[in-house]
Protein chains: 2
Amino acid sequence: MSSKLKELEEKLDPRVKRTRNLILTSFQSLLTEKGFESVSVQDVTNKAEINRVTFYAHFSDKYELLDYTVQKAFMSEVEKRNLNMCSYSPDNLRNLILIVCEFLVTLHSRCAQPHEQFESLVEGTFKKHLFELLSRWLKESKLPTELPATVATWAIYGLATHYSHLKKRPALETFVDEAFPLVAVNLEQFA
Amino acid sequence: MSSKLKELEEKLDPRVKRTRNLILTSFQSLLTEKGFESVSVQDVTNKAEINRVTFYAHFSDKYELLDYTVQKAFMSEVEKRNLNMCSYSPDNLRNLILIVCEFLVTLHSRCAQPHEQFESLVEGTFKKHLFELLSRWLKESKLPTELPATVATWAIYGLATHYSHLKKRPALETFVDEAFPLVAVNLEQFA
DNA sequence: TAACATAAACAACGTATGTAGTGTAGTTTA
DNA sequence: TAAACTACACTACATACGTTGTTTATGTTA
């Protein structure tokens with residue numbers, strides 16, 4: 001899945017790779033500086049030292065750029081922890097919850113004044129991939145998996161959002177201990 | 001809560017009420033015609049026959065307008081079914097799930113090509129109110145309610161989104177029968 | 001009804017967006 | 001290495017956004 005994506009990316013024209021990376025890194029550093037809402041396409045292309053029009057050859061707008069960024073970040077996390085090709089187990093679930101929490105905490109620290117609109121956008125992208133992953137985990141089951149996978153996806157993302165918004169965050173492990181059973185109830189039949 | 005809001009609105013300058021209504025109805029009909037993404041502030045004010053600048057005296061942008069619209073719609077649904085001031089019971093939960101599903105189905109029928117960004121925005125607003133409602137339901141409990149309320153909020157909204165996106169939707173009652181236990185597991189301790 | 005307060009209209013401005021056309025320079029393939 | 005391809009730069013344009021200042025009209029209060 002994501003390895004296919006990598007292959008595709010590696011075969012690209014070096015100019016394209018270069019430009020895309022310039023856009024990505026400029027975008028990320030601007031995100032930390034000023035926050036998503038106040039970053040313009042102009043800003044990105046200025047920092048990347050490319051022409052503004054070139055930007056539109058790669059992304060249709062800054063929302064698609066955000067999408068792409070989030071997707072890349074999530075996939076690299078998942079691969080790092082080898083969660084991509086496994087099936088449901090309590091341990092895997094714990095790790096997954098953990099990843100999502102970490103991801104959102106990091107996101108908040110790396111993005112100045114993350115406002116609602118921004119978070120909504122990230123959420124949409126992120127959940128899509130989370131759902132795919134969970135569906136893969138439950139795939140071998142003979143039971144219907146759509147609804148449990150849906151509930152789990154949303155519950156995990158919801159809990160992680162909650163955690164990342166707390167003023168005084170407890171230790172991540174502590175939180176995951178509390179959160180885990182709330183998600184696991186509906187998945188245990190697949191263990 | 002929402003009654004307070006109504007009181008406030010009724011004391012408004014008639015000119016304000018008039019203008020706001022013009023904006024709201026124009027917006028809604030444009031939503032059905034062209035879909036959220038392709039509606040501009042200009043469009044709204046043209047149809048409402050007010051000056052574009054006047055719009056900004058009422059809403060800071062079209063996103064805030066959407067926010068306001070969703071909020072009003074949700075609250076009126078909740079009040080219609082008297083779900084506002086009660087506490088957790090299986091029956092209330094069923095009705096709540098039902099409302100949310102209906103809301104999203106209606107939304108899709110009333111909005112041309114609802115795209116991701118649009119749905120994300122609706123979701124943000126909607127979940128905020130859903131969470132408040134559920135928290136109110138669980139309030140009297142001595143148990144901690146934050147995490148269960150969070151999970152329930154997200155699970156309900158997730159399931160409703162899933163339902164509203166199905167090509168061939170089963171009868172609403174049937175779906176709610178399936179969905180209900182997945183949400184209720186974590187709330188039964190409050191019954 | 002007179003005095004006051006303020007909502008809305010109108011004109012004008014600077015900025016960001018997204019698109020189109022043309023030329024140039026870097027990349028791939030034969 | 002020559003030919004074909006295409007990513008990028010640059011110019012230009014039409015459109016939408018959000019704000020400011022001024023005037024007019026409508027509503028409120030004394």
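Chain identifiers are assigned alphabetically (A, B, ...) following the order of the sequence lines, protein sequences preceding nucleic acid strands; residue numbering begins at 1 within each chain.
- Rounded to whole Å, the distance from CG on Asn51(A) to P on dG18(C) is 15 Å.
- If you check distances only, the side chain of Arg15(A) never reaches the base of dT27(C) with a donor-acceptor pair under 3.5 Å.
- At least one side-chain heavy atom of Leu65(B) sits less than 4.5 Å from a side-chain heavy atom of Leu24(B).
- Distance, Tyr56(B) OH to dC10(C) P: 17 Å, rounded to whole Å.
- For the pair Arg18(B) CZ and dA25(D) P, the computed distance is 15 Å after rounding to whole Å.
- Atom-to-atom, CZ of Arg52(B) to P of dT15(D) comes out at 14 Å; the value is rounded to the nearest Å.
- Closest contact between the side chain of Ile50(A) and the listed nucleotides dG18(C), dA9(D), dT19(D) involves dA9(D).
- The line from CD1 of Ile50(B) to CG of Leu22(B) is 7.0 Å long, rounded to the nearest 0.5 Å.
- In this structure, the nucleotide among dA9(D), dC10(D), dG18(C) sitting nearest to the side chain of Thr54(A) is dA9(D).
- Taking the six-membered ring for Trp and the full ring otherwise, the centers of Tyr157(A) and Phe103(A) sit at least 6.0 Å from each other.
- Here the side chain of Lys62(A) pairs a donor or acceptor atom with the backbone of Glu37(A) at under 3.5 angstrom.
- Rounding to whole angstrom units, CG of residue Asp13(B) and C1' of dA5(C) are separated by 10 Å.
- Mapping Val53(B) and Val16(B) onto DNA chain C via the closest heavy atom, the residue that lands nearer the 5' end is Val16(B).
- Map Thr19(A) and Pro14(B) each onto its nearest nucleotide of DNA chain D; the residue landing nearer the 5' end is Thr19(A).
- Distance CG (Leu65(B)) to P (dC17(D)): 12 Å, rounded to an integer number of Å.
- To the nearest angstrom, P of dT6(D) lies 18 Å from NZ of Lys17(A).
- Once rounded to the nearest 0.5 Å, the distance linking CH2 of Trp154(B) with CD of Glu123(B) reads 6.0 Å.
- With rounding to whole Å, Lys62(B) atom NZ is found 13 Å from dT17(C) atom C1'.
- Between Phe190(B) and Tyr88(B), the gap from one ring centroid to the other reaches at least 6.0 Å.
- Within residues 34-46 of chain B, no residue has any heavy atom under 4.0 Å from DNA chain C.
- Within the 4.0 Å cut-off from OP1 or OP2 of dA8(C), at least one side-chain nitrogen or oxygen of His58(B) is found.
- Using a 4.0 Å cut-off between charged side-chain N and carboxylate O, Arg94(A) and Asp177(A) make a salt bridge.
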